[in-house]
Structure formats: structure tokens, C-alpha cells
Colleague: 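Below you will find the structure I want to go over with you.
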Amino acid sequence: MFQNLNRLSESVSIQEHDIVFGVETSCDETALAVLRGDELLANRVSSQVAAHRPYGGVVPEIASRNHVAALPILFEETIRQAGIAPGDIGLVAATRGPGLASSLLTGFTFAKALAVGLRKPFVGVNHIEAHLLSPFFGSRSVDPCVGLVASGGHTLLVDAAGLGEYRLLEGTRDDAAGEAFDKAAKLAGLPYPGGPEIDSLAKRGDPKRYNLPRSMLHEVGMSFSGLKTAVRYLMPKIDPGDVPDLCASFQEAVVDVLVRKSLHALERTRRGTLAASGGVACNSRLRERLSEESRRHGFALCLAEPWLTTDNAVMIAHAAQRHAERGFPCGKAGLESDIDPNLKLVLTGETGR
Ligand code: KG4
Ligand code: ZN
């Protein structure tokens, strides 16, 4: 059935101006995007935040049901926004993992059906790699860099020699940075998702008011769960009026760890560029601190645009496009592939510092 589309042994390649259609449904955002070269023709994100807010976090079954309902409508809107006909699509790409199994399945299956219907090639994309590459959207190359990916599901530092050449430097042992923001916010009685709430309340708080822990600064790895526990113990002792100070102190602690670990990674790898991505890279204090450090230490800072930091399909289409331009070997990521909720970033070098 998939003859001449893309079998395991084949590779997908596209020309510079071929249209790439991206699909992202790894968690609670239903997102579709259309790229033609560097030109962004359409970018649609249907947020489910309101549906999950009463539960203080993402409920997998609600997420997948909402994806199923949103995808066909969003598809029509995306095609209209892009000003293309479905037949103009040259490559269909969708998030293969990591993420929630039932959420991944909806977008992955939708995208495969689209590719089969249009008789166009399909590639599955690693969500972490898509974040990692997102700071380079719009600049035709992936510079050798230290990549900081800080999202709700993952927090890691990668030594990237180029596209597909990654070495893990260190990652969190427990909560991801975004997860810590969300959990601390929940403890402080703030709505989901906690990152943007804490970011905005911290603007009128004192970051030095509470001295919160910065774990594992001198060891390989990161840990944010102790920070969350510290917030749990503090909460009963503080007044509602102190919440902005708590937010500022908490944010400062997370940002401090991410910045110090990034500086250490730059020093160890001798890379001249730091590329920061993932939902937490939207944080205003992290962006400010990284900019200050880049001026102080003279490294190039490549920050993903704020709209590209949280989950979106532009980064999925972009990652697929980058690989397909070089002849993407379908391997486990073509039409015959399956989702993988625990998919890891494919590493080409040894882990460690
Ligand atoms: O990359 P993303 O959309 O999804 C995952 O791949 O996980 O990241 C979502 C995470 C959430 O935990 C959210 O609270 C956090 O990013 N986030 C922020 C900010 N905006 C989103 N964290 C801190 N400050 C922000 N401004
Ligand atoms: Zn993400």
C-alpha cells in the first residue's frame, strides 16, 4: 500500500522550495503549520489550556479527544491561511515522540493519512530535536552550539556539532524546569500553566526575599524537585501578599541553575554559541540573564523567538525540512513507523561533560 511513498530502506529528500506541512500533538496543543523554504505560510495553534485548567494539569484523555475534534477544522484553517491547495504539499511531518501516547497517536495518524491520501512522503519528527533546532528557524544553518532545551517535559543541555550530531551534556534527574514552574504555581494557588503566571507575578516580587535551593551545581545533572519541596514547606508560612516575592525567588533559583549550567557547558565544550529553546526559554528573566551573560562572556546567543518556544508545528516542519534537505533516511521515522512516547534525542557522541 505504501509502495513508492517511503519504505524503511528509502530516504526522503525535498528541494529548497517544497512545501512542508507540520503536525504537532504531543501534549495539549493541537498545532499545524506550513513552510515553504524559510517562508512561514501558516501557523495555527489550538490551545487546550482552558479544558485542562480545572484539573491543574494536562488530562491525557481530554487532550486526545480535543486533538481529534480540532484537527480537521484546524487543517481547513491552515490550508486557507497558507493560500495553498492540499496537493501543493511536498512533505508531511508529525511529532513521533516523546509525549503522551494518546495525544501523539492523533496527530501522527492524521498526518500519515494525509500523506497517503496525497501520495506524498511522510516523516516522524523528534519533538526534543525540533525544540533544539527552533532557535535556527530562518537562518539556513545549524551552527555548532550548546543547546539548552527547557520545556515542560524535558530539560537538557546538548553539545551540537551540527544537524543530527548531538552529545548529551547533562539533563534533569527528576522534574523538568517547566514542570517545576507548573508544580510550584499549583502549590501557590496559581492557575495552570504556571510558567507564564510565575513570570508575570515575579515582575513585582523581590527575588532575594526567599533563599531557595540551587541543586547539583557542582555535579553532572540537574534537579528541580527539591525546589518544589521548598515551596511546599514555605507556602503555609506566607501571606497571600508574599506570593509575588515567592514567585520572584523561585524563578530566580530556576533561572540561576539554567544559566550557570549553560555557562559551564559553554566553557567545557568551548562552543561560541548558546541556543536556548523550549517553553521555559520564553521566561523573561531567563532571556534577560542569558543576554547579560552573553554580553559579559562574549558568546553568541541564539534564543528561539518567544512564539516558537512553546509547542508549535513550525518547529516540527522546520526540523523535517532541515533533515529532508539532506536526504532524510526514513529508518524508523517513515510511514511504516510508530509513535514513541519515550523517544530520546538520537545521540552521536558520548554522554557526559
Ligand atoms: O515546550 P512546551 O510548550 O511543552 C513541552 O514540550 O513540555 O513547554 C511548556 C512549559 C510549561 O511547563 C510552561 O509552564 C512553561 O513551558 N512556560 C514557562 C513560560 N512559558 C511557558 N515557564 C516559565 N516562564 C514562562 N514565561
Ligand atoms: Zn515541547
Side-chain angles (χ1 to χ4, degrees), residues 22-31 33 43 45-49 52-53 56-58 60 63 94-100 103-104 107 125-135 147-156 171-172 174-188 190-203 205 207 224 227-228 247-259 276-290 303-316 318-319 341-345:
V23 179
E24 155 61 35
T25 61
S26 66
C27 191
D28 61 337
E29 314 280 16
T30 320
N43 177 25
V45 181
S46 168
S47 173
Q48 300 183 12
V49 162
H52 299 282
R53 192 162 264 171
V58 176
T95 305
R96 209 185 129 221
L100 298 171
S103 287
L104 287 166
V125 172
N126 184 311
H127 184 90
I128 304 174
E129 186 185 18
H131 274 303
L132 178 67
L133 299 177
S134 64
L148 167 67
V149 182
S151 71
H154 305 90
T155 298
L156 60 160
T172 181
D174 40 55
D175 293 346
E179 190 180 356
F181 268 98
D182 295 338
K183 288 178 175 171
K186 196 172 180 181
L187 289 167
L190 302 172
Y192 170 85
E197 295 288 331
I198 291 183
D199 193 347
S200 104
L201 278 175
K203 289 191 196 321
F224 296 102
L227 192 51
K228 172 192 67 194
C247 289
S249 305
F250 171 85
Q251 176 175 275
E252 201 63 21
V254 177
V255 167
D256 206 25
V257 171
L258 295 176
V259 169
S277 60
V280 179
C282 196
N283 183 269
S284 59
R285 181 64 183 142
L286 179 63
R287 295 177 85 85
E288 184 180 66
R289 280 278 319 267
L290 289 177
L303 283 172
E305 294 282 336
W307 63 271
L308 260 176
T309 55
T310 47
D311 287 349
N312 64 85
V314 179
M315 66 180 194
I316 303 303
H318 172 244
N342 300 312
L343 191 64
K344 303 276 182 282
L345 187 67

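Counting convention: from 1, in listed order, for ligands and their atoms alike.
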Colleague: Could you go through the side-chain hydrogen bond (donor to acceptor under 3.5 Å, both in side chains) check for Ser26 and Glu24 one step at a time?
Modeller: CA-CA 6 Å; Ser26 66; Glu24 155 61 35; 2.6 Å; yes
Colleague: At under 4.0 Å between heavy atoms, which part of Asn283 makes contact with ligand 1: side chain, backbone, both or neither?
Modeller: both
Colleague: Mind running side-chain contact (heavy atoms from CB on, under 4.5 Å) on Val23 and Ile316 for me, showing each step along the way?
Modeller: CA-CA 7 Å; Val23 179; Ile316 303 303; 6.0 Å; no
Colleague: Which residue and atom name correspond to the protein heavy atom nearest atom 14 (O) of ligand 1, and how close is it?
Modeller: Asp182 OD1, 2.7 Å
Colleague: Under the salt bridge (Lys or Arg N to Asp or Glu O under 4.0 Å) test, which residues partner Lys344, sequence neighbours left out?
Modeller: none
Colleague: Is it true that Pro196 lies under 4.0 Å from ligand 1, counting heavy atoms only?
Modeller: yes
Colleague: Quick one: list whatever passes salt bridge (Lys or Arg N to Asp or Glu O under 4.0 Å) with Glu305, sequence neighbours left out.
Modeller: none
Colleague: Side chain, backbone, both or neither: which part of Leu286 has a heavy atom under 4.0 Å from ligand 1?
Modeller: neither
Colleague: For ligand 1, does His127 get within less than 4.0 Å through its side chain, its backbone, both, or neither, judged by non-hydrogen atoms?
Modeller: side chain
Colleague: Could you check whether any heavy atom of His131 sits closer than 4.0 Å to an atom of ligand 1, since that is the contact criterion I want to use?
Modeller: yes
Colleague: Against ligand 1, does Ile198 come closer than 4.0 Å with any heavy atom?
Modeller: no
Colleague: Please identify each residue that fulfils salt bridge (Lys or Arg N to Asp or Glu O under 4.0 Å) with Asp199, with sequence neighbours left out.
Modeller: Lys203
Colleague: Which N, O or S atoms belonging to the protein are less than 2.8 Å from the Zn ion (ligand 2)?
Modeller: His127 NE2, His131 NE2, Asp311 OD1
